[in-house]
Amino acid sequence: MKIVVLVKQVPDSGAERNLRSDDNTVDRASANNVINEMDEYAIEEALRLQEAHGGEVVVLTVGPDRATESIRKALSMGPDSAVHVVDDALHGSCAVTTSKVLAAAIAQQNADLVVCGAESTDGRVQVIPHMIAERLGIAALTGARKLTVDGSQLTIERQTDEGYEVVTAATPALVSVWDTINDPRYPSFKGIMAAKKKPLQTLSLGDLGIAAGEVGFDGSTSAVVEHSKRPPRQAGNKIDAGDDGGVKVVEYLASEKFV
């Protein structure tokens, strides 16, 4: 089984994140960039499948040159190789155009299974897995909290607010996972050293047969037109205790449509 794992480099969600003032895109140059947290669970799940069924695990990233740092981090966990799609024309791409690039790169891999995180911490749109599957014409088993493989048959437990749904499909297919599916391993020193020598293929848009005008700001279907900082937290309303204190509380709750 050949498994492609999608990995995205994102600004650390534990630090301050900003948008650029010139084009309203995420300011990645000044951020502390890390692997998208949910993608680490996808990597772990792919490695567990490889350990159980054999095969090859390939990491795939679309991003700027500095995304190589996250690629090597991903490889240190155990995958065999990586593919990095990097092109200046990609800057400003929306989810729709990004899915087009990812689908084209995945198609070149002839993979049996694509595994990815259910969302990224910078965008949090949760649509990329569905878009990729639609472009590739394969099944999308999304929001998995558990994945089992029996030959070419895949079964997931799809996490829902009420519990879970059981969804099945045959390979080739795409599975997106939540952080409830496993506990990602820590890279060992041996893994970190080995990652430096693992194959890393770099592709441009031209290698994927995609024109520059199809991506970036020109090719995107949406864009951020304006942004502003979150306003500082204001002091809350204080109601003094007294004979009418209860009435004032109810009146306030009613004004905020809580009751």
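Environment of CG in Asp88: sparse, with no more than 12 heavy atoms of neighbouring residues, nucleotides or ligands closer than 6.0 Å. In Gln153, the CD atom is crowded: over 12 heavy atoms of neighbouring residues, nucleotides or ligands sit closer than 6.0 Å. Crowding of Asp22 atom CG: a count of heavy atoms from other residues, nucleotides or ligands under 6.0 Å exceeding 12.
To the nearest 0.5 Å, atoms CD (Glu40) and CG (Asn182) are separated by 10.5 Å. In this structure, the separation between CD1 on Ile106 and CG on Leu6 is 4.5 Å, given to the nearest 0.5 Å. Between Gln201 atom CD and Gln108 atom CD the span is 7.0 Å, to the nearest 0.5 Å. For the atom pair OG of Ser176 and CG of Leu147, the computed distance is 10.5 Å after rounding to the nearest 0.5 Å. From Leu19, atom CG reaches atom OG1 of Thr25 across 7.5 Å, with rounding to the nearest 0.5 Å. The NE2 atom of His53 sits 8.5 Å away from the CD1 atom of Ile3 when rounded to the nearest 0.5 Å.
In this structure, the side chain of Asp112 engages the main chain of Lys2 through a donor-acceptor pair within 3.5 Å. Under a 3.5 Å cut-off, the side chain of Arg135 and the backbone N or O of Ala104 do not form any donor-acceptor pair. Remark: side-chain polar atoms of Lys198 are not paired, donor with acceptor, to backbone N or O of Ala82 under 3.5 angstrom. In this structure, Asp65 contributes its side chain and Val86 its backbone to no donor-acceptor pair below 3.5 Å. The backbone N or O of Val7 lies less than 3.5 Å from a partner atom in the side chain of Thr61, making a donor-acceptor pair. Not a single donor-acceptor pair under 3.5 Å links the side chain of Gln126 to the backbone N or O of Ala118. At distances below 3.5 Å, at least one donor-acceptor pair connects side-chain atoms of Gln234 with backbone N or O atoms of Pro232.
Screening residues 89-101 for salt bridge (charged side-chain N to carboxylate O under 4.0 Å, His left out) gives Lys100-Glu214 as the qualifying pairs, with residues at least two apart or on separate chains.
Val34 and Val177 fall into different hydrophobic clusters, where Ile, Leu, Val, Met, Phe, Trp and Tyr are joined by side-chain heavy atoms under 4.5 Å apart, directly or via other members.
A pairwise comparison of heavy atoms in Ala195 and Arg72 identifies O-NH1, 2.5 Å as the closest pair. Across all their heavy atoms, Met77 and Pro184 have their closest contact at CE-CB, 4.2 Å. Taking all atoms of both residues into account, the shortest heavy-atom contact from Ile43 to Ala74 is CD1-CB, 3.7 Å. For Ser220 against Gly216, the heavy-atom pair with the smallest separation is OG-O, 2.6 Å.
Between Lys73 and Glu69 there is no salt bridge, since no side-chain N of the basic residue sits under 4.0 Å from a carboxylate O of the acidic one.
In this view, Asp207 and Leu203, Ser204 satisfy the side chain to side chain contact (heavy atoms under 4.5 Å, CB included) rule, not counting sequence neighbours. Under the side chain to side chain contact (heavy atoms under 4.5 Å, CB included) criterion, Pro11 pairs with Arg17, Val26, Arg28, Ala31, Asn33, Asp122, sequence neighbours left out.
For the pairing with Leu49, the side chain to side chain contact (heavy atoms under 4.5 Å, CB included) check across Val57, Leu154, Val149 returns one residue only, Val149.
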